[in-house]
There are 2 protein chains.
Amino acid sequence: MSCIPELTKKLRARGYRITPQRLVILQALHEGGHLSPLQIYDRVHETGISEPTVYRTLDFLYSNGIVSIATRGNGHMTYELSGDSHHHIICRSCGDQLEIASQLLEPAISLIERETGYQLIASHLTFLGLCPKCNSISK
Amino acid sequence: MSCIPELTKKLRARGYRITPQRLVILQALHEGGHLSPLQIYDRVHETGISEPTVYRTLDFLYSNGIVSIATRGNGHMTYELSGDSHHHIICRSCGDQLEIASQLLEPAISLIERETGYQLIASHLTFLGLCPKCNSISK
DNA sequence: CTCCTTATTGCAAATAATAACAATAGTTAT
DNA sequence: ATAACTATTGTTATTATTTGCAATAAGGAG
């Protein structure tokens, strides 16, 4: 969806700067997929990047729609590159995860955009639910 | 949606226990609306409830669908009672919040439930977007 | 009502995340 | 290239959140 040159252009246009730290963290996310802040720190701290920078960079990338929060189970967040749009359901009982194709949500999203005037950034939503197995047990 | 007697019944059926601490925290959420863990702790610590208990109780209530995460701006989460179902859009640029009626999402949610077999817990979703004002500026 | 089982709590300590601020280094213009 | 402007970084210190474990108490059985 957004390759590096595109990204840098967009960010610079907004007055932000492209730093080695940001590129390294993007790279780590590219290689690692879903990662928590500390997992990212583990991967990059040998280059001299500090912990606060990891957190700040993730906030920054998140606010700019470049990474998304992939899961928020029990407070622990993991981040991943936005891009390929899909969503997750997590079973609140067994923790199982399932991907949802983005098409299932597209109608609702454009409806919301029309109703509210907002432009949504909805590349990775996470739903909480009960998987069929746990659902039948809990009855 | 779920009054206290109902709740206690449901939780006990699952093998959990109803403690004074849990009731006090529920009460605080009932009175306070959106609250962060530490805001809740401020409200209840005079009753002797410890900080870890606040966090653990919120996790517990969240896993059981009794409270929802209301916002996750910059990592700071606030919790609120589930129940009256509505959703939020937060403008990633100015932070403005808007409520979305749950009806807008209901079709998509039941579609997902049919497709996946999961039963969704989707009383409070948070979307990130750009409000009309910020959207026009950033062009 | 009393005993038993074990979920839940508080305490103390460890880890994760954020804030403040001076120093550094992208970026644009000269 | 060089200079100037200021976003971004690292350091240090602070605050927030989680963990381990012994002590407590909720809820069911007798």
Side-chain angles (χ1 to χ4, degrees), chain A residues 4-5 7-28 34-64 66-67 69 71-79 93 95, chain B residues 4-28 34-64 66-67 69-79 93 95:
Chain A
I4 301 288
L7 267 185
T8 62
K9 197 173 158 191
K10 187 165 70 172
L11 291 176
R12 275 204 261 261
R14 291 184 191 156
Y16 300 119
R17 293 174 185 176
I18 310 305
T19 66
Q21 290 88 341
R22 286 179 179 172
L23 293 174
V24 167
I25 289 170
L26 279 171
Q27 180 63 22
H34 292 192
L35 294 173
S36 72
L38 288 179
Q39 287 175 319
I40 294 171
Y41 177 69
D42 284 344
R43 282 171 174 253
V44 303
H45 81 281
E46 58 182 8
T47 71
I49 295 181
S50 68
E51 232 170 311
T53 294
V54 172
Y55 286 99
R56 280 181 300 212
T57 301
L58 287 172
D59 272 1
F60 168 80
L61 295 172
Y62 177 67
S63 308
N64 283 86
I66 295 163
V67 304
I69 292 174
T71 57
R72 32 125 109 141
N74 281 355
H76 274 184
M77 294 196 181
T78 66
Y79 295 79
S93 176
Chain B
I4 302 288
E6 253 179 73
L7 268 184
T8 61
K9 197 174 158 190
K10 187 165 70 176
L11 292 176
R12 274 203 262 260
R14 292 186 191 152
Y16 301 121
R17 294 174 185 177
I18 310 305
T19 66
Q21 291 87 341
R22 287 179 177 173
L23 292 174
V24 167
I25 289 171
L26 279 171
Q27 179 62 22
H34 292 191
L35 294 172
S36 73
L38 288 179
Q39 287 174 319
I40 294 172
Y41 177 69
D42 284 343
R43 282 171 173 252
V44 305
H45 81 281
E46 57 181 9
T47 71
I49 296 180
S50 68
E51 239 169 307
T53 295
V54 172
Y55 286 99
R56 281 181 298 211
T57 300
L58 288 172
D59 272 1
F60 169 78
L61 295 173
Y62 177 67
S63 309
N64 284 86
I66 296 164
V67 304
I69 293 174
T71 57
R72 32 126 107 139
N74 282 354
H76 273 182
M77 295 196 181
T78 65
Y79 294 80
S93 175

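Residue numbering restarts at 1 for every chain, and letters A, B, ... go by the order of the sequence lines. Given the structure is predicted, the values throughout are model-derived calculations rather than measurements.
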**Separation of D:dT17 P from B:Q39 CD (nearest whole Å)** = 10 Å
**Prompt:** Rounded to the nearest 0.5 Å, how far apart are CD1 of A:I25 and OG1 of A:T47?
**Reply:** 8.0 Å
**Prompt:** C:dT6 P sits how many Å from B:L11 CG, rounded?
**Reply:** 20 Å
**Complete:** When rounded to whole Å, the CG to C1' distance for the pair B:L23 and C:dT9 reads 14 Å
**Item:** Given D:dC21, C:dA19, D:dT17, the nucleotide with the shortest approach to the side chain of A:P52
**Value:** C:dA19
**Asked** Roughly how many Å is it from CG in B:L58 to C1' in C:dT9, rounded to a whole number?
**Response** 15 Å
**Sugar-phosphate or base contact per nucleotide [nucleotides 24-30 of chain D; S, B, -; heavy atom under 4.0 Å]** = -BBS---
**Item:** Side-chain N,O (A:Q21) to OP1/OP2 (C:dG26) below 4.0 Å
**Value:** no
Between the protein and nucleotides 1-4 of chain C, are there any N/O to N/O pairs under 3.5 Å, and if so, what are the atom names and distances?
none

**Request:** Run the ring-centre check on A:F60 versus A:Y16 and record whether the distance is less than 6.0 Å.
**Result:** yes
**Between C:dG10 (C1') and B:E46 (CD): distance, integer Å** = 18 Å
**Asked** Looking across every strand, which nucleic acid part, if any, lies under 4.0 Å from A:R56 by heavy atom: base, sugar-phosphate, or nothing?
**Response** base
**Whole angstrom value for the distance that separates P of D:dA16 from CG of B:L35** = 15 Å
**Request:** Output yes when at least one side-chain N/O atom of A:S50 is less than 4.0 Å from OP1 or OP2 of D:dT9, else no.
**Result:** no
**Message:** What's B:E51 touching, base or sugar-phosphate or nothing? Going by heavy atoms closer than 4.0 Å.
**Reply:** base
**Request:** For a side chain to side chain contact (heavy atoms under 4.5 Å, CB included) with B:R22, tell me which candidate from B:T19, B:I18, B:V24 qualifies.
**Result:** B:T19
**Complete:** Separation of C:dT8 atom P from B:D59 atom CG, nearest Å, is 13 Å
**Asked** Can you check the B:H45 NE2 to D:dA16 C1' distance for me, whole Å?
**Response** 16 Å
